[in-house]
Amino acid sequence: QVHLVESGGGSVQAGGSLRLSCAASGKRHSAYCMGWFRQVPGKEREGVAAIGVYSGPYYADSVKGRFTISQDIAKRTIYLQMNNLQFEDSAMYYCALPVRCATLEVIATLDSESGHWGQGTQVTVST
């Protein structure tokens, strides 16, 4: 099994910054990436960024130049530094694995058809 724990969300004014973390434990999927996704109620989930031991980083066009994904391989942790946050960035942010980096899609595994997801962390940006 895989266990993912996110942290670092919060409320910030437009133009501000936040840093999210996601620590993984359990079964490894080293051939694939870990990624960040976000979802607003009533809208489809959106891939934000992904990175792997051998791949990435990859970003959605909407966050390029503002967000930076990084990783600590030894700690099995990924980070998402979010700068110049905008109102449109407000969402619940989730980390997930395994992810196909280039397409920001979560891949089904033998033990989970929908991949593995954390519990989510809320990011709220006020104008």
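For this chain, numbers begin at 1 and follow the sequence in order.
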Trainee: Would you mind reporting whether C22 and W36 have side-chain heavy atoms less than 4.5 Å apart?
Mentor: yes

Trainee: Look at the side-chain heavy atoms of Ile, Leu, Val, Met, Phe, Trp and Tyr, link any pair under 4.5 Å apart, and say whether Y54 and Y32 land in one connected group.
Mentor: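 Unlinked, Y54 and Y32 end up in two clusters.
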
Trainee: How long is the span from the CG atom in D111 to the CD atom in Q1, to the nearest 0.5 Å?
Mentor: 5.0 Å

Trainee: In terms of heavy-atom contacts, does CD of E113 have more than 12 from other residues, nucleotides or ligands at under 6.0 Å?
Mentor: no

Trainee: Is there a donor-acceptor pair under 3.5 Å between the side chain of T77 and the backbone N or O of A23?
Mentor: no

Trainee: When you compare the side chain of V125 with that of S90, does any pair of heavy atoms fall below 4.5 Å?
Mentor: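 In short, these two side chains touch, coming nearer than 4.5 Å.
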
Trainee: If every non-hydrogen atom of A24 is compared with every non-hydrogen atom of L97, which pair is closest and at what distance?
Mentor: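 Answer, listing the atom of A24 first, then L97: CB-CD2, 4.1 Å.
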
Trainee: Measure the spacing between NE2 of H29 and CE of M34 and express it to the nearest 0.5 Å.
Mentor: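 Answer rounded to 0.5 Å: 10.5 Å.
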
Trainee: Can you tell me how far apart OG1 (T68) and CG (L80) are? Round to the nearest 0.5 Å.
Mentor: 8.0 Å

Trainee: So, for G120 and Y94, which heavy atoms are closest and what is the spacing to 0.1 Å?
Mentor: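 For G120 and Y94, the tightest heavy-atom pair comes out as CA-CD2, 3.5 Å.
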
Trainee: Show, in sequence, the C-alpha distance, side-chain angles and deciding distance for R76 and Q71, and conclude whether the side-chain contact (heavy atoms from CB on, under 4.5 Å) test is met.
Mentor: CA-CA 7 Å; R76 299 183 65 191; Q71 62 182 333; over 6 Å; no

Trainee: Is there a side-chain contact between H116 and K27 (heavy atoms, below 4.5 Å)?
Mentor: no

Trainee: Once rounded to the nearest 0.5 Å, what's the spacing between atom NZ of K75 and atom OG of S25?
Mentor: 15.0 Å

Trainee: Would you be so kind as to tabulate the donor-acceptor pairs closer than 3.5 Å made by side chains of residues 10-20, with sequence neighbours excluded?
Mentor:
| unit_1 | atom_1 | unit_2 | atom_2 | d |
| --- | --- | --- | --- | --- |
| S17 | OG | N83 | OD1 | 2.9 |

Trainee: Quick one: salt bridge (Lys or Arg N to Asp or Glu O under 4.0 Å) pairs with a partner in residues 77-95, sequence neighbours left out?
Mentor: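 Only R38-D89, R66-D89 qualify under salt bridge (Lys or Arg N to Asp or Glu O under 4.0 Å).
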
Trainee: Would E46 and S62 count as having a side-chain donor-acceptor pair, cut-off 3.5 Å?
Mentor: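 Distance-only check passes for E46 and S62.
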
Trainee: May I ask you to decide if the ring planes of F67 and Y93 are parallel, tilted or perpendicular, using 30° and 60° as cut-offs?
Mentor: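 Tilted.
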
Trainee: Would you say Y58 and I51 make side-chain contact, with heavy atoms under 4.5 Å?
Mentor: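 They are not in side-chain contact.
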
Trainee: Assigning hydrophobic clusters by single linkage (Ile, Leu, Val, Met, Phe, Trp, Tyr; side-chain heavy-atom cutoff under 4.5 Å), is L104 placed with V63?
Mentor: no

Trainee: Do V106 and F37 come within less than 4.5 Å of each other through their side chains, counting heavy atoms only?
Mentor: yes

Trainee: So do W117 and R45 actually touch side chain to side chain, heavy atoms under 4.5 Å?
Mentor: yes

Trainee: I need the E6 CD to M92 CE distance, nearest 0.5 Å.
Mentor: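 The CE atom of M92 is 9.0 Å from CD of E6, to the nearest 0.5 Å.
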
Trainee: To the nearest 0.5 Å, what is the distance between CD1 on I69 and SG on C101?
Mentor: 7.5 Å

Trainee: Considering non-hydrogen atoms only, spot the tightest contact between C95 and L4 and give its length.
Mentor: O-CD1, 3.6 Å

